[in-house]
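Heavy-atom basis, side chains included; hydrogens, waters and symmetry copies ignored. Lettering follows sequence order; numbering is per chain, from 1.
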Amino acid sequence: MSLETFASSRALSLGVELELQLVSTHDYDLAASAEDLLRVMARKDVPGDVKPEMTCSMIEVSTGICNDYAQVAEELEALRAALTAAARRLNIGICGGGTHAFQDWSERRIFDKPRFHYLSDLYGYLAKQFTVFGQHVHIGCPGPDAALYLLHGMSRYIPHLIALSASSPYVQGKDTGFQSARLNSVFAFPLSGRAPFVESWAEFEAYFAKMSKTGVVESMKDFYWDIRPKPEYGTIEVRVMDTPLTVSRAAAIAAYIQAIARYLMIERPIRLSEDDYLVYTFNRFQACRFGFTGSYVNPETHEQRSVADEVEASFARIEQHAIELGCDEALGELLRQVRDRRNDTAWLRERHGAGMPLPELVMDQCGRWMGGGAM
Amino acid sequence: MDQLIWPAWPLPLGALLPVALALVLTALVGEAGRRIGLPRVSGYVLAGIVLGPLALGWFDANDLASYRLVVDFTIALILFELGLRLDLRWLITNRWVVAASAGEMALTFALTFGALWAVGTGPRVALAVAAIAVGTSPVILMHVTNELRAAGPTTDRLLALCALNVTVSLILLKLLVGVLHGTHAGWQLALLHPLYLLLGSALAGALIAAAYLGLRKIVDPTSEQGLAALIALLLAALALLSALRLPTQLAPIIAGAFIKWRDPRPHLWPQQVGTVGGVLVIVTFMLSGAAVSAGELFAGAGVGLLAILVRALAKLGGAMAFGPVSGLDLRKSLALGVGLMPLSILALLQAEDVRLLYPEFGDRLLPIVVAMAVVLGLLGPIATRRALIRVREHRRGEHS
């Protein structure tokens with residue numbers, strides 16, 4: 001199968017997908033409720049889309065193509081309100097968070113859809129272990145070459161995005177010590193990690209053709225890269241974020257990505273190099289493990305500083321673009337939290353550390369998401 | 001002196017050894033059932049029937065009476081947990097679930113009464129059977145859903161409807177007993193007694209709930225002390241309920257629902273309660289066979305089978321008619337109806353309690369209920385298990 005042609009899209013347009021957890025309101029463990037929730041949602045008039053995911057205890061919601069932070073926030077809020085009403089009717093809890101704190105992966109059921117059964121047959125238990133929940137953000141690109149520039153440029157900001165969105169310290173009932181343990185599950189997939197370093201679409205097509213010939217991949221869907229081009233939408237898709245605990249945080253993170261994209265596209269501040277990726281996995285690991293307190297190695301200068309300092313510095317670089325995009329207020333709030341070293345993982349650990357049992361913690365997560373609590 | 005030092009012959013083993021043996025046998029039959037893909041509970045019911053007067057005769061009705069506290073405690077424990085699953089907030093948000101429950105119960109009551117009356121069973125017996133038929137076995141449903149670790153919309157409704165069914169079934173039968181009182185002792189008693197039972201149970205339920213919520217602040221419910229406190233609370237409640245001659249089943253359900261209402265946090269059992277509860281469930285089913293004698297089983301077989309058939313049609317019809325408006329699709333509504341089939345020890349106890357008050361009436365009622373409880377105790381769990389697996393709400397059990 002050949003690669004689709006890169007569709008045209010409005011530069012810097014924005015689309016957000018959130019994978020969400022469906023839990024029982026009795027024990028707050030994951031419950032197989034996706035089918036029923038999707039059926040109820042199909043009758044509702046909401047912006048964007050609600051789709052099934054790999055296992056029966058997860059769904060994915062997505063906004064339509066948005067212009068800016070305000071529109072993303074509005075659509076996500078409308079989706080949240082509709083989902084909350086449906087969930088209350090069905091007696092389901094819905095929450096954010098990159099992992100469920102104590103679910104047992106072996107108890108998950110694959111959603112009854114040919115692609116998910118195919119993936120389950122191919123990846124075996126990894127498919128059920130893939131019951132992790134991420135936020136994906138699409139950014140519209142003026143053309144395919146620009147998309148690749150944006151992809152490689154954005155790869156420097158992966159640690160920032162991981163630290164900002166981290167909300168998965170617990171896996172199978174235990175504190176992993178990671179701020180984002182979700183990405184460790186993604187890493188188990190053979191075609192995960194970073195995209196190959198090619199700078200033109202022609203080279204990318206050649207790469208895809210070679211991969212396709214090996215029989216390993218059929219479409220772009222088979223790549224689980226941190227950032228991947230999405231030719232049919234004319235976008236790049238940033239996929240490293242955990243699903244935040246509130247839609248407002250998800251919207252703010254999307255706005256942050258949009259502002260970085262504008263900065264990269266307009267200022268073209270960096271010269272891309274394969275050597276950028278020398279520190280990529282190290283930086284990514286540090287952000288997953290330690291969040292804001294992890295170390296970040298600058299790919300050009302090799303200078304080391306904390307992820308938090310680097311994130312703060314990035315806010316200064318993109319400030320003007322945030323103002324142009326109308327998201328400076330939302331980013332201001334995000335920056336305040338960076339200065340306090342606050343992310344959702346901190347929120348979760350604070351509660352569990354104070355003795356709250358994990359089922360109650362998941363209940364509070366549901367309250368936060370369904371009640372629409374602030375960032 | 002020697003007599004106190006050396007063992008007597010034959011060894012005076014008392015009642016413990018047969019009970020121990022019966023317990024092992026019941027557990028083994030349950031395990032054998034599991035290996036051929038049946039729910040363990042079906043095996044326990046089968047073992048209970050075989051151990052009772054129907055086959056081996058290890059237990060009879062007297063044993064059931066003397067171990068009644070164990071059985072009542074088990075049922076109270078299970079009904080308390082079932083009550084905690086009855087989330088009143090949800091029922092207020094989605095009133096169609098209550099409508100579905102009301103529809104399914106009304107249909108069951110009306111059709112069962114109609115069918116039995118039509119074949120010439122006296123109206124009072126027909127009413128009593130209809131009242132018992134409204135119920136669904138909480139012990140079987142909780143056991144099967146726990147065994148499968150089932151969760152999802154069908155499971156939620158199954159347990160909510162079970163809790164409502166048990167409550168309404170108990171109330172209907174109390175009202176009927178009230179009518180019997182009226183015949184024997186005047187209308188004031190007929191009115192006042194059910195009222196006393198209902199208000200007393202509601203008050204007792206509120207008291208148990210308040211005590212539990214208070215205890216939860218002092219002891220961690222998942223700790224050993226939490227387990228001791230919970231058991232102590234339920235035992236004290238049973239003692240009080242019995243002393244006040246209140247039914248021991250209504251108050252625990254009411255208490256559970258009240259607790260979930262006041263404190264929506266997950267109220268999960270410590271591991272030990274599961275273990276203790278498991279052993280008690282085996283004992284309960286082992287003893288339930290004591291109520292099943294051959295004479296009664298065959299005397300009630302014909303009418304019992306008719307009642308089973310009508311009840312099945314009514315539960316299925318009710319679930320199919322009202323399930324979809326409450327948010328289930330047709331397939332899951334069917335599964336809900338099938339899942340409501342089990343009837344067992346609680347139905348037997350309901351009939352047994354009526355017989356204690358009115359032996360002659362009870363003698364006509366019990367055979368029909370015994371026949372229903374035997375068939376629906378054996379086949380009901382299989383139906384519930386299959387239904388939940390069919391709609392893929394099991395988290396443990398078969399592969400998918």
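The greatest number of non-hydrogen atom pairs below 4.5 Å with chain A, out of B:Ser326, B:Gly152, B:Pro153, is found for B:Pro153. With respect to chain B, the highest number of heavy-atom pairs below 4.5 Å among A:Leu30, A:Val23, A:Asp104, A:Val362 belongs to A:Leu30.
Looking at B:Leu328, the atoms closer than 4.5 Å to chain A (heavy atoms on both sides) sit in the backbone and in the side chain alike. If you measure heavy-atom distances from B:Asp329 to chain A, the contacts under 4.5 Å come from both the backbone and the side chain. Using a 4.5 Å cut-off between heavy atoms, B:Arg89 does not touch chain A at all. Contact annotation for A:Asp29: both backbone and side-chain heavy atoms come within less than 4.5 Å of a heavy atom of chain B. Looking at B:Arg157, the atoms closer than 4.5 Å to chain A (heavy atoms on both sides) all sit in the side chain, from C-beta outward.
With contacts defined as side-chain heavy-atom distances shorter than 4.5 Å, the pair A:Ser167/A:Pro244 does not qualify. At a threshold of 4.5 Å between non-hydrogen side-chain atoms, the residues A:Glu360 and A:Arg351 do not count as touching. Within the 4.5 Å cutoff, no side-chain heavy atoms of B:Glu81 are placed close to those of B:Leu159. In this structure the side chain of A:Phe111 never reaches within 4.5 angstrom of the side chain of A:Met58, judged on heavy atoms.
Aromatic ring centroids of A:Trp105 and A:Tyr125 lie under 6.0 Å apart. A:Phe130 has its ring centre less than 6.0 Å from the ring centre of A:Phe189.
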- Message: Assess the residue pair A:Glu19 and A:Thr243 against the criterion (side chain to side chain donor-acceptor pair (under 3.5 Å)); give the C-alpha distance rounded to whole Å, side-chain angles, the decisive distance to 0.1 Å, and a yes or no.
- Response: CA-CA 7 Å; A:Glu19 291 162 341; A:Thr243 300; 5.3 Å; no
- Please test A:Arg249 against A:Asp242 for salt bridge (Lys or Arg N to Asp or Glu O under 4.0 Å), starting from the C-alpha separation and ending with a verdict. CA-CA 11 Å; A:Arg249 192 174 186 93; A:Asp242 286 353; over 6 Å; no
- Task: Would you check, one step at a time, whether the test salt bridge (Lys or Arg N to Asp or Glu O under 4.0 Å) holds for B:Glu31 with B:Arg35?
- Result: CA-CA 6 Å; B:Glu31 182 57 24; B:Arg35 295 208 178 175; 3.4 Å; yes
- Item | Test salt bridge (Lys or Arg N to Asp or Glu O under 4.0 Å) applied to A:Glu350 and A:Arg342, step by step | CA-CA 11 Å; A:Glu350 209 170 73; A:Arg342 301 280 309 159; 2.7 Å; yes
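Within a 6.0 Å radius of CZ in B:Arg390, no more than 12 heavy atoms belonging to other residues, nucleotides or ligands are found.
Within residues 33-46 of chain A, the residues having any heavy atom under 4.5 Å from a heavy atom of chain B are, by residue number, A:Ser33, A:Glu35, A:Asp36, A:Arg39. Proximity to chain B at a heavy-atom threshold of 4.5 Å picks out A:Arg88, A:Arg89, A:Leu90, A:Asn91 from residues 83-100 of chain A, in numerical order.
With sequence neighbours excluded, no residue forms a ring-ring contact (aromatic ring centres under 6.0 Å, His included) with A:Phe187. Residues satisfying the ring-ring contact (aromatic ring centres under 6.0 Å, His included) test with B:His267, not counting sequence neighbours, are B:Tyr212.
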